[in-house]
K.L.:
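The structure that follows is given in the form of structure tokens.
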Amino acid sequence: MKKYICLVLCLCMFLSFTGCKGKTDKPINEESNLTGQISNNVEFRVSDDNSKIWLNNSHIEKISVETDNEGKKMLVFTTTEEGKAILFNATNENIGKPLSVSADKYLLFSPTVVAPIEDGLFTFDSTLIDFVYLYNYLTDAKDKMKGVTPPEDLISEDIAKNRVFERAGITADNVSELKIELKIDQDFFGWKYCIDFTANDKTYTSEVNAHTGGITKFTF
């Protein structure tokens, strides 16, 4: 059994499994930023809490990155005709329960079904996930970072490093050989600061979630 990433489950617990009506004023996929198909190299699954697999790669006609009415990115899944019927049954039978959406070893979303989906479209939005990078991952793009830019609402480098310094019980005056890098964390398809430094004859390696400011790795 593949191990899911529990961090992603925590980040996605507030999402709900819904159709995409009302999410955007324009027809889905019209003037989309990105539209494509899930790669056969990616094991895509939608399953219920009894581990029953409802949808797989063959049931998804295309995926796209859209912008909602508030300017936030969202990922839109469009099912095939067969997938549309299966999606309706899956959501109709699991109202009030979670459906897990996974790709390979990663649990992408685990939202709660709030209503049956009849149109074969379902969307996800979150401020903690970079949907352009996730799209590139699902389509197995050679350049996973193409078109991916950090969002403006990330915490600053100063906030990130100061939280790590506080954890280490030091101040900036004690630090030498400081290296900070902003990167995508593939475990949850969001951004993180990788901060390495030396202080008081110790070498520290740390990672900070750039969305929440939480320290996710700290070793010395």
Side-chain angles (χ1 to χ4, degrees), residues 1-17 42-45 47 49 65 72-75 98-112 123-141 143-220:
M1 178 180 295
K2 294 188 175 181
K3 182 178 180 181
Y4 289 147
I5 306 300
C6 63
L7 175 60
V8 180
L9 178 60
C10 296
L11 294 177
C12 300
M13 65 186 297
F14 298 110
L15 297 175
S16 59
F17 204 107
V42 176
E43 186 181 37
F44 179 83
R45 297 287 186 267
S47 55
D49 57 2
V65 177
K72 295 186 300 184
K73 296 293 186 182
M74 62 181 180
L75 193 62
L99 284 180
S100 298
V101 182
S102 63
D104 298 331
K105 66 178 181 178
Y106 303 107
L107 176 61
L108 305 180
F109 315 98
S110 187
T112 299
T123 70
F124 296 101
D125 59 69
S126 171
T127 58
L128 303 178
I129 295 175
D130 195 306
F131 286 116
V132 176
Y133 182 82
L134 178 53
Y135 170 91
N136 289 345
Y137 179 88
L138 291 174
T139 58
D140 199 23
D143 184 1
K144 296 288 195 301
M145 296 301 295
K146 184 177 181 180
V148 180
T149 57
E152 297 179 354
D153 58 353
L154 299 177
I155 66 169
S156 67
E157 283 190 1
D158 285 341
I159 291 176
K161 69 181 182 182
N162 286 336
R163 291 189 177 177
V164 172
F165 293 167
E166 183 179 359
R167 170 72 69 85
I170 62 172
T171 66
D173 294 335
N174 304 122
V175 175
S176 62
E177 301 180 20
L178 174 64
K179 179 182 178 182
I180 303 179
E181 186 176 6
L182 181 61
K183 301 173 62 176
I184 282 283
D185 189 332
Q186 189 173 288
D187 283 354
F188 71 99
F189 297 94
W191 293 86
K192 66 180 178 181
Y193 285 106
C194 297
I195 305 174
D196 300 323
F197 60 95
T198 300
N200 299 331
D201 297 323
K202 292 182 181 180
T203 299
Y204 295 81
T205 299
S206 61
E207 294 180 359
V208 177
N209 186 305
H211 302 270
T212 66
I215 298 175
T216 56
K217 179 180 180 180
F218 184 83
T219 61
F220 59 90

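Bear in mind the structure is a predicted one, so any value in this text is a computation, not a measurement.
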K.L.:
Do the ring centers of F197 and F165 come within less than 6.0 Å of each other?
P.N.:
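Between F165 and F197, which both carry aromatic rings, the centre distance is below 6.0 Å.
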
K.L.:
With rounding to the nearest 0.5 Å, note down the distance linking CZ in F220 to NZ in K202.
P.N.:
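That separation rounds to 4.5 Å.
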
K.L.:
Measuring from K105:NZ to Q186:CD, what's the distance to the nearest 0.5 Å?
P.N.:
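So the NZ of K105 and the CD of Q186 are separated by 7.5 Å.
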
K.L.:
Among T216, I215, I180, find the one that has a side-chain contact (heavy atoms from CB on, under 4.5 Å) with V208.
P.N.:
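With V208 as partner, side-chain contact (heavy atoms from CB on, under 4.5 Å) holds for just one option, I215.
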
K.L.:
Of V65, V148, D185, which meets side-chain contact (heavy atoms from CB on, under 4.5 Å) against D130?
P.N.:
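Among V65, V148, D185, the one that satisfies the side-chain contact (heavy atoms from CB on, under 4.5 Å) with D130 is V148.
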
K.L.:
Can you list the steps and then say if C194 with E207 is a side chain to side chain contact (heavy atoms under 4.5 Å, CB included)?
P.N.:
CA-CA 5 Å; C194 297; E207 294 180 359; 4.2 Å; yes

K.L.:
Is a side-chain N or O of N136 found less than 3.5 angstrom from the main chain of K144, in a donor-acceptor match?
P.N.:
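Yes: the side chain of N136 pairs with the backbone of K144.
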
K.L.:
Between D125 and K72, which heavy-atom pair has the shortest distance, and what is it?
P.N.:
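The pair with the smallest heavy-atom distance is OD1-NZ, 4.4 Å.
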
K.L.:
Could you pull out the closest heavy-atom pair between A160 and Y193, with the gap in Å?
P.N.:
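The pair with the smallest heavy-atom distance is CB-CD1, 3.5 Å.
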
K.L.:
Rounded at 0.5 Å granularity, tell me how far NZ in K179 sits from NZ in K161.
P.N.:
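These two atoms lie 15.5 Å from each other.
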
K.L.:
Mind checking ring-ring contact (aromatic ring centres under 6.0 Å, His included) for Y137 and listing every partner two or more places apart, or none if nothing turns up?
P.N.:
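Only Y106, F189 meet the ring-ring contact (aromatic ring centres under 6.0 Å, His included) criterion with Y137.
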
K.L.:
So, T205 side chain and T219 main chain: donor-acceptor pair closer than 3.5 Å or not?
P.N.:
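Checking the backbone N and O of T219 against the side chain of T205, no donor-acceptor pair under 3.5 Å is found.
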
K.L.:
Side-chain contact test, heavy atoms from C-beta onward, threshold under 4.5 Å: evaluate it for L138 versus L108 and give yes or no.
P.N.:
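L138 vs L108: side chains touch.
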
K.L.:
Counting only N and O atoms by type, is there a donor-acceptor contact under 3.5 Å from the side chain of N162 to the main-chain atoms of I159?
P.N.:
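No, the answer is negative, given that no donor and acceptor are paired below the 3.5 Å cut-off.
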
K.L.:
Give the intermediate values and the outcome of side chain to side chain contact (heavy atoms under 4.5 Å, CB included) for residues I155 and T212.
P.N.:
CA-CA 7 Å; I155 66 169; T212 66; over 6 Å; no

K.L.:
If you look at every heavy atom in V132 and G147, which pair is closest and at what distance?
P.N.:
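The answer is CG1-O, 3.6 Å.
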
K.L.:
Would a distance-only check, ignoring hydrogens and angles, find a side-chain to backbone donor-acceptor pair under 3.5 Å from R163 to G213?
P.N.:
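At least one qualifying donor-acceptor pair exists.
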
K.L.:
Could you report the tightest heavy-atom contact between F131 and S126, atom names first, then the distance?
P.N.:
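What the structure gives for the nearest pair is CE1-N, 3.4 Å.
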
K.L.:
At what distance, to the nearest 0.5 angstrom, does OG of S156 lie from CG of L182?
P.N.:
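One finds 11.0 Å between OG of S156 and CG of L182.
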
K.L.:
Ignoring hydrogens, what is the shortest heavy-atom contact between L178 and V175? Give both atom names and the distance.
P.N.:
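Here L178 and V175 meet closest at CB-CG1, 4.0 Å.
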
K.L.:
Side chains of K192 and N209: closer than 4.5 Å at any heavy-atom pair?
P.N.:
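Sidechains of N209 and K192: no contact.
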
K.L.:
How close do W191 and P151 get, counting heavy atoms only, and between which atoms?
P.N.:
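Closest approach of W191 to P151, heavy atoms only: NE1-CD, 3.5 Å.
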
K.L.:
Is the count of non-hydrogen atoms from other residues, nucleotides or ligands lying under 6.0 Å from E181 atom CD greater than 12?
P.N.:
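More than 12 heavy atoms, drawn from other residues, nucleotides or ligands, come within 6.0 Å of this atom.
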
K.L.:
For the atom pair CZ (R45) and CG (D104), what is the distance rounded to the nearest 0.5 Å?
P.N.:
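Those atoms lie 9.5 Å apart.
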
K.L.:
Measuring from T139:OG1 to L134:CG, what's the distance to the nearest 0.5 Å?
P.N.:
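Here the interatomic distance stands at 9.0 Å.
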
K.L.:
Using the side chain to side chain contact (heavy atoms under 4.5 Å, CB included) rule, take L75 and I129 through it: C-alpha gap first, then chi angles, then the decisive distance, then the call.
P.N.:
CA-CA 10 Å; L75 193 62; I129 295 175; over 6 Å; no

